[in-house]
Amino acid sequence: MVLEEELVLALAANPGQAFEAMVLHWQQRVYAFALRLTGSPQDAEEIAQDTFVRAWRALSQWPPERIRAMRMRAWLYQIALNVFRNRVARRSLTVIPLESPDGRPVIEPADDWRERPEVAAESAELRQRMAATLVALPAHMRVAVVLRHVEGFTYREIAELLEQPEGTVKAHVHRGTRQLRQALQHERVEVGV
Amino acid sequence: MNRDQPSPRAIVQTLHNLRTVLPPATLLPSVMRLTGLADSYIPLETPVGTVFVAWNVRGITAVMRRDDVGNFTADYLRQFQRQAIAADATTANALRPALEATVRGERKAPLPFDLHKLTEFEQAVLRKALEIPRGQVRPYGWIAREIGRPGAVRAVGSALKHNPIPLLIPCHRVVLSDGQLGQYAMGGTNIKRALLEVEGAEPETLETLAQQHVQFYGSDTTNVFCFPTCRHARRVTLQHRVTFGSVREAVASGYRPCKVCRPA
């Protein structure tokens, strides 16, 4: 990734000047990652915010050679994961209902999927059900599935990030994906679609 | 297999598409603020029109009078090397009453100011200016003497001229030693006069006194002399008021300087 390398060099040269570009470049990914883990736009924004603030605290202390040597993507996701886990441990995450109190589906935050034909073809409803079902998965499966299928990390990268054997990661992803299929199917039967 | 069960491929595709979601517009600004890489601002209505008040974690950094927000943010970036980002509504609403009360002169508790980029001398000048009550004025020489640099009257004028936080740090309450109003950083003498008028310092009276070479008021019952805008000078009735053109004249007449406004 050329841009990422440029960002790393710019950060090493002048962290204060390049940091905004780094946030601009990564905010969409980090926010989407946090949103799919928590299901809550508010929690996701706070996690993303915390992630970048922690990133800045590190970057502003590091010597240039340490910044140049970092793997930015893995590093940022690592921070985001830690922030997410800390919040789960503190039970400060709001529980996301699948439906709002008045019975309507929880509204998805703004996104740009309408501009992409292959996404537009998929119903907004399926997307919404998938997001809700994903949040209901056990955390270890959810993290593995989101990293693999939403964020597109390889199994090896995920294994490194989570400090787990690759086989364990694969098992979590497969089981998680299977549970998603089953949950979506059950839901269809229940509502009689 | 149940026909209604989505295919593994459809599942993976739908999951992949969950990545297309836009972050809220508030994310980048709040990160920049929390890291101290950007400052916040709000527009504020004042007697001299709309001004922009900016701050960071250290305190208030600037008050700028600009026609529109674009000019303000451009000038701010140039002057402070940091972006200024509009504060969110909650912060703005929490801060606005304190700023308005300060401009009205009703707030006694000092606001936090970020003056750390200024020299010690400049900081001393501005902090001294903060002591001048609303509705009163002091000469440049008074500030110079009070901060222990009686010879630095011109430097005091220069420090006040470059006051980054006019209005909240009331440099408009500092006038020439002869009582003329003098220049004003945020828009010239007319703005200065208008501000002093609003505050009840009676700038026209001050200018008249300057023409008559009157610098101090004394009371012939207490034998104390004051700056004309000192609250003690204002209590003296016309029949007991005496006027002086200089400290020497007052002292020679047997008067001592007021301990509140400290004219000498």
Side-chain angles (χ1 to χ4, degrees), chain A residues 15-17 19-20 23-24 27-36 41-42 44-46 48-53 55-57 59-60 108-116 118-119 122-123 126-127 129-131 134 145-146 148-152 177-178 180-182 184-186 188-189 193, chain B residues 1-41 54-58 61 70 73-74 76-92 114 116-117:
Chain A
Q17 216 161 64
F19 184 72
E20 186 180 13
V23 178
L24 268 173
Q27 62 170 353
Q28 203 251 341
R29 293 278 30 89
V30 172
Y31 174 75
F33 180 50
L35 179 68
R36 295 318 171 197
Q42 193 192 326
E45 182 172 4
E46 286 176 25
Q49 185 180 294
D50 237 28
T51 300
F52 287 117
V53 170
W56 170 250
R57 276 193 214 134
L59 286 171
S60 58
E108 278 267 294
D111 73 59
D112 55 0
W113 59 270
R114 282 172 195 82
E115 292 168 14
R116 300 166 21 131
E118 79 277 14
V119 184
E122 169 197 325
S123 80
L126 175 60
R127 189 183 153 86
R129 282 197 295 136
M130 176 63 94
L134 186 60
V145 168
V146 170
R148 176 70 195 102
H149 288 311
V150 181
E151 297 305 319
T177 317
R178 197 170 62 221
L180 285 175
R181 279 180 76 193
Q182 286 165 353
L184 288 168
Q185 176 204 2
H186 283 306
R188 283 184 176 200
V189 173
V193 175
Chain B
M1 189 200 265
N2 191 317
R3 271 185 310 172
D4 282 341
Q5 189 166 17
S7 71
R9 230 190 111 178
I11 292 278
V12 167
Q13 186 60 51
T14 308
L15 278 170
H16 178 76
N17 291 342
L18 284 182
R19 73 201 318 275
T20 58
V21 53
L22 292 182
T26 45
L27 180 57
L28 179 64
S30 43
V31 167
M32 296 304 282
R33 269 195 291 265
L34 287 166
T35 52
L37 291 170
D39 297 347
S40 310
Y41 75 85
W55 69 91
N56 59 29
V57 286
R58 293 171 193 263
T61 53
T73 49
Y76 191 86
L77 181 62
R78 194 175 319 124
Q79 197 172 323
F80 291 87
Q81 311 291 316
R82 277 193 310 278
Q83 276 188 58
I85 303 174
D88 57 86
T90 318
T91 314
D114 176 15
H116 84 283
K117 285 274 171 70

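Remember, predicted model here, so these are calculated numbers, not experimental data. Order of the sequence lines sets the chain letters (A, B, ...), proteins ahead of strands, with each chain counted from 1. Quick note: numbers below take in every heavy atom, side chains included, and nothing from hydrogens, waters or symmetry partners.
- For A:R29, the part lying near chain B is the side chain, with the backbone staying farther off; criterion is any non-hydrogen pair under 4.5 Å.
- For A:F52, there are no ring-ring contact (aromatic ring centres under 6.0 Å, His included) partners two or more places apart in sequence or in a different chain.
- Taking each heavy atom of B:V21 and A:R36 in turn, the nearest pair found is CB-NH2, 4.2 Å.
- With sequence neighbours excluded, the residues that form a ring-ring contact (aromatic ring centres under 6.0 Å, His included) with B:Y76 are B:F72, B:F80.
- In this structure a side-chain-to-backbone donor-acceptor pair under 3.5 Å is present from A:R127 to B:N17.
- Taking all atoms of both residues into account, the shortest heavy-atom contact from B:P8 to A:R181 is CG-NH1, 3.4 Å.
- A distance of 10.0 Å separates CD in A:E151 from CG in B:L18, rounded to the nearest 0.5 Å.
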Trace of the side chain to side chain contact (heavy atoms under 4.5 Å, CB included) decision for A:L180 with B:T14
CA-CA 11 Å; A:L180 285 175; B:T14 308; over 6 Å; no

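- Of all non-hydrogen atoms in B:T20 and A:Q28, the two that sit nearest each other are CA-NE2, 4.0 Å.
- Only the side chain of B:Q83 comes within contact range of chain A, judged by heavy atoms closer than 4.5 Å.
- In this structure, chain B has no heavy atom under 4.5 Å from any part of A:V30.
- Rounding to the nearest 0.5 Å places CG of A:L184 at 5.0 Å from CD1 of B:I11.
- Taking CZ of A:R148 as the reference point, atom NE2 of B:H16 lies at 10.5 Å (rounded to 0.5 Å).
- Heavy-atom distances place no part of A:Q17 under 4.5 Å from chain B, backbone and side chain included.
- Residues of residues 25-35 of chain B placed with any heavy atom under 4.5 Å of a heavy atom in chain A are listed by number as B:T26, B:L27, B:L28, B:S30, B:V31, B:M32, B:L34, B:T35.
- The two residues A:Y31 and B:P23 come nearest to each other via the heavy atoms CD2-CA, 3.5 Å.
- In terms of the salt bridge (Lys or Arg N to Asp or Glu O under 4.0 Å) criterion, residue partners of B:R78 (sequence neighbours excluded) are, by chain and number, B:D75.
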